[in-house]
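Take a look at the structure set out below.
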Amino acid sequence: MNKEKVPDRTVSLETAEPDMASSSSIGYLGYAEYFHNKELQQLESDVQYREKYQKEKGVSHPTLFQGLTIYVNGRTDPTRFELHKLIILHGGTFKHYLSGKTAVTHIIASELNASKKSSFANYKIVGPGWITESIARGKLLPWQDFRIVNVSVLQGKITDFATIRNCMDPNFIHSYFKSSRLHHLSNWKFQLRDQFVQDLLSSRGEISPNQKYVFFHVDFDCFFAQVSAKIDGTYDIHTVPIAISHGINNSDISSCNYVARSFGVHNGMWVSSALKLCPALKILDYEFDEYEAISNLFYQALKSVGIFKMVLPLSIDEAIGCMPVTSDTTQELLTQKCIQVRAAVFDLTQGYSVSIGCASSVLLARLALRKGKPNGFSISWFSTPLERRAFVDQFKLKDLPGIGYSTDQKIQETFGEIHSISALRGLLESPNNVSKLIKAIGSKNAKRLQTYLDGQDDDESISMVKDPASYFQKKSLSVEINYAIRFKTIDDVDTFLERLSLYLWEKLKDSNLLTRQITLKLMKRAQGAPVDPPKFMGMGKCDAISKASTLGSNTQKYGSIASECKTLFRILSVPPAEVRGIGLQFHRLTAATQASGQKLEQRRITTDIFKKANRSDDEVVRRVDEDTTPRTPKSTTYASPVKNYWDRHLKRSVTPFRYDFPDELDPEFMSNLPKDVQEEITSHHSVAKRAKRTLRTELFEEPKKQIKQTQDLHYIHDGRLVPQLSFQGLSSAKQICRTLIDWVDATIDVGPHEKDLELFVNHLNKLADQRRSHIILQLIKTLKNKIDDHYDGNSEGLEQWEYFLIRRLIPVLNKTKSDVNFNLVFDL
DNA sequence: GCTGTGTGGTAGC
DNA sequence: TATCGCTACCACACAGC
């Protein structure tokens with residue numbers, strides 16, 4: 001382990017840049033020294049920057065911060081970069097690091113958690129406003145006025161924590177993903193690929209398939225650890241062992257620095273085991289926003305160097321720069337370019353180190369990268385296949401891309417304890433062993449492995465380089481959560497599936513895609529596995545099972561998707577209490593055509609509001625859920641056999657809403673409800689009322705006046721006097737409900753007009769401002785029921801109505817919820 | 001031979 | 001107190017024709 005990370009001097013070429021090269025050869029203290037030097041340089045360049053800026057702009061800033069040394073901690077507004085500029089322009093000294101011995105006079109921060117607060121106890125900690133307001137007033141304001149006092153973060157943490165523990169919380173999915181590193185990694189990867197494809201298409205860039213490239217595989221050294229350590233500012237990453245994790249026990253370490261690695265700590269290890277190996281290990285938090293920001297600068301830097309024809313995105317912190325080969329491509333030139341790239345990233349990101357592997361194939365560049373790490377680079381530029389093989393032979397099987405734990409195990413089971421590439425190469429000279437290998441790991445895998453033994457790229461890497469646009473094109477869409485999933489009843493599962501479908505459906509919609517196949521994937525507690533797994537709220541040992549369903553048509557309809565998921569869950573017949581993870585996948589995606597997009601012409605109905613469309617208007621109707629591309633006659637397609645059953649039996653049986661109640665029931669509201677719902681409400685009301693008692697004071701002691709007499713006022717059920725609102729000239733909820741029903745009926749074919757929707761949402765928002773949640777509830781419920789009546793139809797309008805309901809009205813409901821503290825769940 | 005489905009493996013920190 | 005175990009893609013075995 002330890003040996004690996006010290007670059008092999010015979011192969012590595014990191015000799016060119018004096019300060020960097022020396023650091024590689026003398027170890028961790030060397031890095032510290034290097035960074036110290038770099039910081040001195042930074043200070044000098046800050047002074048130069050100030051002089052240059054002031055000269056160019058012909059201004060001279062007052063030296064407000066003269067003699068002060070300021071460090072910026074965590075996320076701030078303005079950003080750390082802007083503050084940096086402001087501080088140095090006004091004569092201050094900006095510190096990038098906060099190591100124990102650094103004399104810092106002030107720390108800028110927006111918020112501090114409790115632990116930070118205590119570790120910064122001896123510093124003057126102020127909000128960014130101290131800088132900006134001092135500048136605005138032209139004098140240094142007393143820092144005490146901007147002192148950070150409240151520990152606002154804590155409150156937020158508690159709420160988030162509660163949400164994540166309970167998968168039935170309406171905000172669970174979003175708040176969970178907000179903290180999931182794997183979700184972020186996947187999301188970032190997608191965004192980078194998406195951006196890449198867009199750039200490629202818009203640049204009309206001709207990527208010649210025959211172009212020969214030198215590949216620069218560029219990768220941050222322990223990315224999360226570097227960034228979090230810098231944000232935290234407490235420890236020197238070059239001397240203190242640091243790891244990034246959420247927890248303190250059975251929690252994954254996602255990234256650790258090279259000091260920690262020297263103790264045997266590695267990524268993926270649980271914190272408890274890591275602490276046994278390295279008791280001094282410091283655990284730091286994730287800083288997802290900052291990772292993203294630094295990554296942006298990273299990609300910017302790679303482009304700014306100007307030597308790459310393409311920069312292929314591999315992940316948040318990893319990319320391949322492709323430089324066309326010319327006649328003067330020599331080792332010397334490549335060395336220079338590596339230094340240049342590393343310096344560009346270092347400067348633009350203000351101090352982050354990347355390593356580079358540089359070679360003639362994607363594979364060799366990846367292997368060279370291992371040699372270059374950490375904080376260095378390595379070039380593998382060979383003239384003969386023999387040299388190439390000799391180079392590959394230095395690595396282990398597990399170093400090869402695509403050879404993970406499982407494949408490695410299979411190879412060992414077949415051939416005994418072999419780990420090195422050279423050993424396998426020897427074995428494969430016998431055809432007998434080749435067929436053994438194929439049997440163990442499959443023919444494709446075996447073929448790819450043999451290609452790698454030769455130092456060559458496999459087909460996939462080749463297609464990535466030759467046809468990047470299609471390589472990076474998305475072909476499926478999925479979501480899964482295998483943490484904190486605990487259900488009691490099938491109702492829980494249904495509710496969760498609806499939310500999960502909604503989440504994925506929104507992505508489908510946003511990408512303007514249709515799906516033809518849905519797969520539900522479940523993680524089921526394995527036979528004999530403990531009900532409470534060792535990892536808190538984890539999934540433990542599970543069996544993965546999945547079930548796919550091919551839909552009758554390419555669809556984008558939320559309703560069909562959600563029902564199909566519930567059906568699939570029943571087919572898999574896993575008891576809700578055994579479910580430890582749940583996932584949803586859309587396959588066989590097709591682009592939604594222009595006709596099915598939202599650009600479809602809409603009729604404006606104002607004068608004659610909500611009246612039935614006339615004949616000629618109906619002709620513009622196009623079906624939304626049918627792909628217009630012809631189907632391949634060969635492919636057998638069938639509607640889900642259970643789908644109809646499900647639609648028949650489930651659709652009408654769901655209660656559209658579940659909610660807690662306001663203190664007093666509005667009689668007008670009640671009278672509009674069906675009898676059974678009235679009973680349900682009444683029976684739960686007393687309980688709900690008790691639960692709400694603490695809220696009562698706050699709610700009812702609200703002053704009753706203060707409203708300017710610009711419009712009619714009227715009393716509402718709780719005794720408040722509020723302005724009379726109206727929608728389409730109507731003010732009674734009953735009348736408005738009737739209008740809504742007519743509106744839906746009249747526009748179910750072509751969809752509602754955007755302007756009308758605006759007006760309606762406005763009206764709801766005004767009601768929300770008056771905290772009249774029950775009226776909002778009633779209106780939306782009416783609308784929802786009416787839309788449901790048309791559910792069996794298949795029209796553009798229905799689809800638009802559903803979309804409106806989910807995307808526009810739910811937010812209003814949520815807003816209401818936070819105002820009045822309703823526990824309102826939209827049940828579709 | 002083909003197609004479709006369920007499962008398993010891998011990568012990023 | 002704990003803790004945030006995702007997601008896209010490829011490949012294969014098998015079933016059914």
Side-chain angles (χ1 to χ4, degrees), chain A residues 157 160-161 163-165 167 172 175-190 192-193 219-228 243-256 266-268 270-271 285-286 288 291 313-318 366 400-410 441-445 447-448 458-460 471-485 504 507 517 519 521 523 532-540 542-550 572 580-581 583-585 587-588 632 634-638:
Chain A
K157 281 243 159 101
D160 247 24
F161 179 59
T163 303
I164 287 167
R165 277 179 55 167
C167 67
F172 171 74
S175 69
Y176 170 65
F177 281 159
K178 219 169 73 189
S179 307
S180 161
R181 78 185 196 278
L182 293 175
H183 171 79
H184 277 108
L185 284 171
S186 290
N187 242 16
W188 287 326
K189 182 172 178 168
F190 163 70
L192 289 163
R193 286 173 163 223
D219 178 294
F220 277 79
D221 301 321
C222 54
F223 183 56
F224 283 8
Q226 258 203 93
V227 178
S228 287
I244 309 305
S245 179
H246 278 297
I248 58 168
N249 198 10
N250 298 336
S251 162
D252 271 1
I253 286 176
S254 66
S255 175
C256 59
H266 58 82
N267 295 1
W270 276 357
V271 173
D285 266 343
Y286 291 89
F288 293 113
Y291 302 152
L314 296 189
S315 80
I316 181 80
D317 76 319
E318 194 179 346
R366 178 182 287 269
L400 294 172
I403 309 290
Y405 172 80
S406 173
T407 310
D408 192 52
Q409 288 292 308
K410 284 174 191 163
I441 65 171
S443 64
K444 286 274 166 104
N445 260 341
K447 190 182 157 222
R448 184 174 54 167
D458 62 316
D459 294 347
E460 216 189 315
Y471 178 86
F472 288 116
Q473 193 67 50
K474 175 119 105 178
K475 293 151 199 98
S476 76
L477 206 52
S478 73
V479 62
E480 67 181 280
I481 300 185
N482 301 312
Y483 180 82
I485 297 297
L504 200 58
K507 289 202 162 186
Q517 188 180 45
T519 301
K521 180 183 170 193
M523 302 304 289
D532 283 320
K535 179 182 185 133
F536 174 69
M537 283 281 137
M539 64 195 271
C542 281
D543 297 323
I545 47 174
S546 62
K547 177 83 192 129
S549 167
T550 304
L572 286 172
R580 289 287 179 277
L584 209 52
Q585 301 159 2
H587 308 279
R588 297 163 73 181
T632 340
K634 265 189 167 181
S635 73
T636 48
T637 57
Y638 53 92

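This one's a predicted model, so the numbers in the text were calculated from it and none came from an experiment. Order of the sequence lines sets the chain letters (A, B, ...), proteins ahead of strands, with each chain counted from 1.
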A:K535 side chain: which of C:dT7, B:dG12, C:dG5 is closest?
C:dG5
If the cut-off is 4.0 Å, is A:R366 near the phosphate of B:dG12, judged by side-chain N/O to OP1 or OP2?
yes
Quick one: label A:I244 by what it contacts on the DNA or RNA (base, sugar-phosphate, nothing), any heavy atom closer than 4.0 Å.
nothing
Distances under 3.5 Å only, N/O to N/O: pair up the protein atoms with those of nucleotides 14-17 of chain C.
none

Give the nucleotide from the list C:dC4, B:dG9, B:dC13 with an atom nearest to the side chain of A:F224.
B:dC13
Below the 4.0 Å mark, does C:dA8 have OP1 or OP2 next to a side-chain nitrogen or oxygen of A:S478?
yes
Donor-acceptor pair, side chain of A:Q226 and main chain of A:D221, under 3.5 angstrom:
yes
With the side chain defined as heavy atoms from C-beta on, A:S180 is closest, among B:dC13, B:dG6, C:dC4, to C:dC4
Under 3.5 Å for both donor-acceptor distances, Watson-Crick or wobble: does C:dG5 have a partner, and if so which one?
none
At under 4.0 Å between heavy atoms, what does A:Y405 touch on the DNA or RNA strands: base, sugar-phosphate, or nothing?
sugar-phosphate
Separation of the C1' atoms in C:dT3 and B:dA11, to the nearest angstrom
24 Å
In whole angstroms, the gap separating C1' of B:dG12 from CG of A:D252 amounts to 14 Å
Taking the six-membered ring of A:F288 (Phe, Tyr or Trp), confirm whether the NZ or CZ of A:K178 is under 6.0 Å from its centre and within 45° of its axis.
no
Distance, C1' atom - from B:dG9 to C:dG5, rounded to whole angstrom:
16 Å
With a 4.0 Å cut-off on heavy atoms, is A:S315 in touch with a base, just the backbone sugar-phosphate, or nothing at all?
sugar-phosphate
Counting only side-chain N and O atoms of A:R181, is one of them less than 4.0 Å from OP1 or OP2 of C:dG5?
yes
So what does A:Q517 touch, heavy atoms closer than 4.0 Å: a base, only the sugar-phosphate, or nothing?
sugar-phosphate
Whole angstrom is fine here: how far is it from CG in A:N187 over to P in B:dA11?
21 Å
Classify the nucleic acid contact of A:R448 as base, sugar-phosphate or nothing, counting any heavy atom under 4.0 Å across all strands shown.
nothing
When rounded to whole Å, the NE2 to P distance for the pair A:H246 and C:dC6 reads 12 Å
Between A:S546 and A:T519: side-chain donor-acceptor atoms closer than 3.5 Å
no
Across the strands shown, which category fits A:K507 at heavy-atom distances under 4.0 angstrom: base, sugar-phosphate, nothing?
nothing
Below 4.0 Å: OP1/OP2 of B:dT5 and any side-chain N or O of A:T519
no
Answer with base, sugar-phosphate or nothing: what part of the nucleic acid does A:S186 contact at a heavy-atom distance below 4.0 Å?
base
Please state whether the phosphate of C:dT7, meaning OP1 or OP2, lies under 4.0 angstrom from any side-chain nitrogen or oxygen of A:H183.
yes
In this structure, are over 12 heavy atoms from other groups packed under 6.0 Å from A:K447 atom NZ?
no
Touch class at under 4.0 angstrom, heavy-atom based, for A:I481 against every strand present
sugar-phosphate
Once you apply a heavy-atom cut-off of 4.0 Å, does A:D459 come out as touching a base, just sugar-phosphate, or nothing?
nothing
Side-chain contact check for A:V479: nearest option of C:dT7, B:dT5, C:dT3 is C:dT7
Could you please name the option among C:dC4, B:dT5, B:dC13 that lies closest to any side-chain atom of A:Y176?
C:dC4
Sidechain-backbone polar pair: A:N267 side chain, A:C256 backbone, donor-acceptor under 3.5 Å:
yes
Looking only at the side chain of A:N482 (C-beta and beyond, no hydrogens), which of the listed nucleotides C:dT7, B:dT7, C:dC6 gets closest?
C:dC6
Could you tell me if A:S254 and A:Y286 have a donor-acceptor pair between their side chains, going purely by distance under 3.5 Å?
yes
Considering only B:dC13, C:dT3, B:dG6, which nucleotide approaches the side chain of A:N249 most closely?
C:dT3
Given B:dG9, is OP1 or OP2 found less than 4.0 Å from the side-chain N or O atoms of A:S406?
yes
Taking A:H183 for its side chain and A:S179 for its backbone only, find out whether a donor-acceptor pair lies under 3.5 Å.
no
Has the side chain of A:S251 got a donor or acceptor atom that lies under 3.5 Å from a matching backbone atom of A:V271?
no
Find out whether A:R193 and A:K474 are in side-chain contact, i.e. whether some heavy atom of one side chain is under 4.5 Å from a heavy atom of the other.
no
Applying a 3.5 Å limit to both distances, which nucleotide forms a Watson-Crick or G-U wobble pair with B:dC13?
none
Atom pair CZ (A:F190) and CG (A:L477), whose distance is rounded to the nearest 0.5 Å:
7.5 Å
Rounded to the Å, how far apart are A:E480 CD and B:dT7 P?
13 Å
What are the two closest heavy atoms between A:S175 and A:T163, and how far apart are they?
OG-CG2, 3.0 Å
Atom-to-atom span, CH2 of A:W188 to P of B:dC13 - whole angstrom
11 Å
Would you confirm whether A:S476, through its side chain, and A:H587, through its main-chain N or O, come within 3.5 Å as a donor-acceptor pair?
no
So A:T407, base contact, sugar-phosphate only, or nothing? Heavy-atom distance under 4.0 Å.
sugar-phosphate
Is the ring pair A:F223/A:Y291 parallel, tilted or perpendicular, if the boundaries are 30 and 60 degrees?
tilted
Base, sugar-phosphate or nothing for A:F220? Non-hydrogen atoms, less than 4.0 Å.
nothing
So what does A:M539 hit on the nucleic acid, given a heavy-atom distance under 4.0 Å: a base, only sugar-phosphate, or nothing?
base
A:W270 side chain, from C-beta outward: closest of C:dT3, B:dT5, C:dG5:
C:dG5
Quick one: A:H587 NE2 to B:dG6 P, roughly how many Å, whole number?
10 Å
What does the list of N/O pairs under 3.5 Å between the protein and nucleotides 9-12 of chain C look like, with a distance for each?
| unit_1 | atom_1 | unit_2 | atom_2 | d |
| --- | --- | --- | --- | --- |
| C:dC9 | OP1 | A:Q473 | O | 3.1 |
| C:dC9 | OP1 | A:K475 | N | 3.1 |
| C:dC9 | OP2 | A:K475 | N | 3.1 |
| C:dC9 | OP2 | A:S476 | N | 2.9 |
| C:dC9 | OP2 | A:S476 | OG | 3.4 |
| C:dC12 | OP1 | A:S443 | N | 3.0 |
| C:dC12 | OP1 | A:S443 | OG | 3.2 |
| C:dC12 | OP1 | A:K444 | N | 2.8 |

Rounded to whole angstroms, how far apart are CG on A:L192 and P on C:dT7?
16 Å
Assign each of A:N250 and A:F190 the nucleotide of DNA chain C bearing its closest heavy atom; nearer the 5' end lies the nucleotide of A:N250
Whole angstrom is fine here: how far is it from CG in A:D317 over to C1' in B:dA11?
12 Å
